[in-house]
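Data block below; observations after.
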Amino acid sequence: MATADSHAALIEQAWVVRKCFDMTEETPHFAILVTWHGSVASESAGWKRLTEVLDLPGSFTVFTDTHDKQQARRVRQWCPQPVYRRGRS
C-alpha cells in the first residue's frame, strides 16, 4: 500500500489551510494547495493518489494553482509560507 511519504517525492510545495464557515461545523474542512515536481500532465493522477492516502481530521480538497488560480491565491494569502517544501525537513 502506498504511503503519504512515497507521494511526497512528487510534491514540490504544499500549503494547508483550515476553512472556516459561518455556521457551526463538527467536521473541519481543509484546502490543500500543491505544486508538483515534474510534468504538469501528471498533476491529476498525482493529486488523486495523494487524496487516497491523506489522513486528516475532517474533509479536504486538494488542488493546484494550474486548475484553480483564484483559490490558490486565497490559500497563499492565508498561509504565505508552504508547510512542506521538497528536500526540506
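Predicted, not measured: the structure shown is a model, and the values here were computed from it.
P28 and P57 make their closest contact through CG-O, 2.8 Å (heavy atoms, listed as atom of the first residue, atom of the second, distance).
The distance from the CG atom of L33 to the OG1 atom of T61 is 12.0 Å, given to the nearest 0.5 Å.
Legend: residues meeting side-chain hydrogen bond (donor to acceptor under 3.5 Å, both in side chains) with Q81, ordered by chain and number and at least two apart, are R85. Looking at residues two or more places apart in sequence or on another chain, you find a side chain to side chain contact (heavy atoms under 4.5 Å, CB included) between S59 and H29. Under the side chain to side chain contact (heavy atoms under 4.5 Å, CB included) criterion, V16 pairs with F30, I32, V83, sequence neighbours left out. Under the side chain to side chain contact (heavy atoms under 4.5 Å, CB included) criterion, A14 pairs with I11, V34, Y84, not counting sequence neighbours. Under the salt bridge (Lys or Arg N to Asp or Glu O under 4.0 Å) criterion, R74 pairs with no residue, sequence neighbours left out.
By the 4.0 Å N-to-carboxylate-O rule, D65 lies too far from R73 to be salt-bridged with it.
Side chains of T35 and T64 form no contact here, defined as non-hydrogen atoms less than 4.5 Å apart. The side-chain heavy atoms of W36 and T66, taken from C-beta on, include no pair separated by under 4.5 Å.
Note on W78: it clusters hydrophobically with F63, by side-chain heavy-atom contacts below 4.5 Å among ILVMFWY residues.
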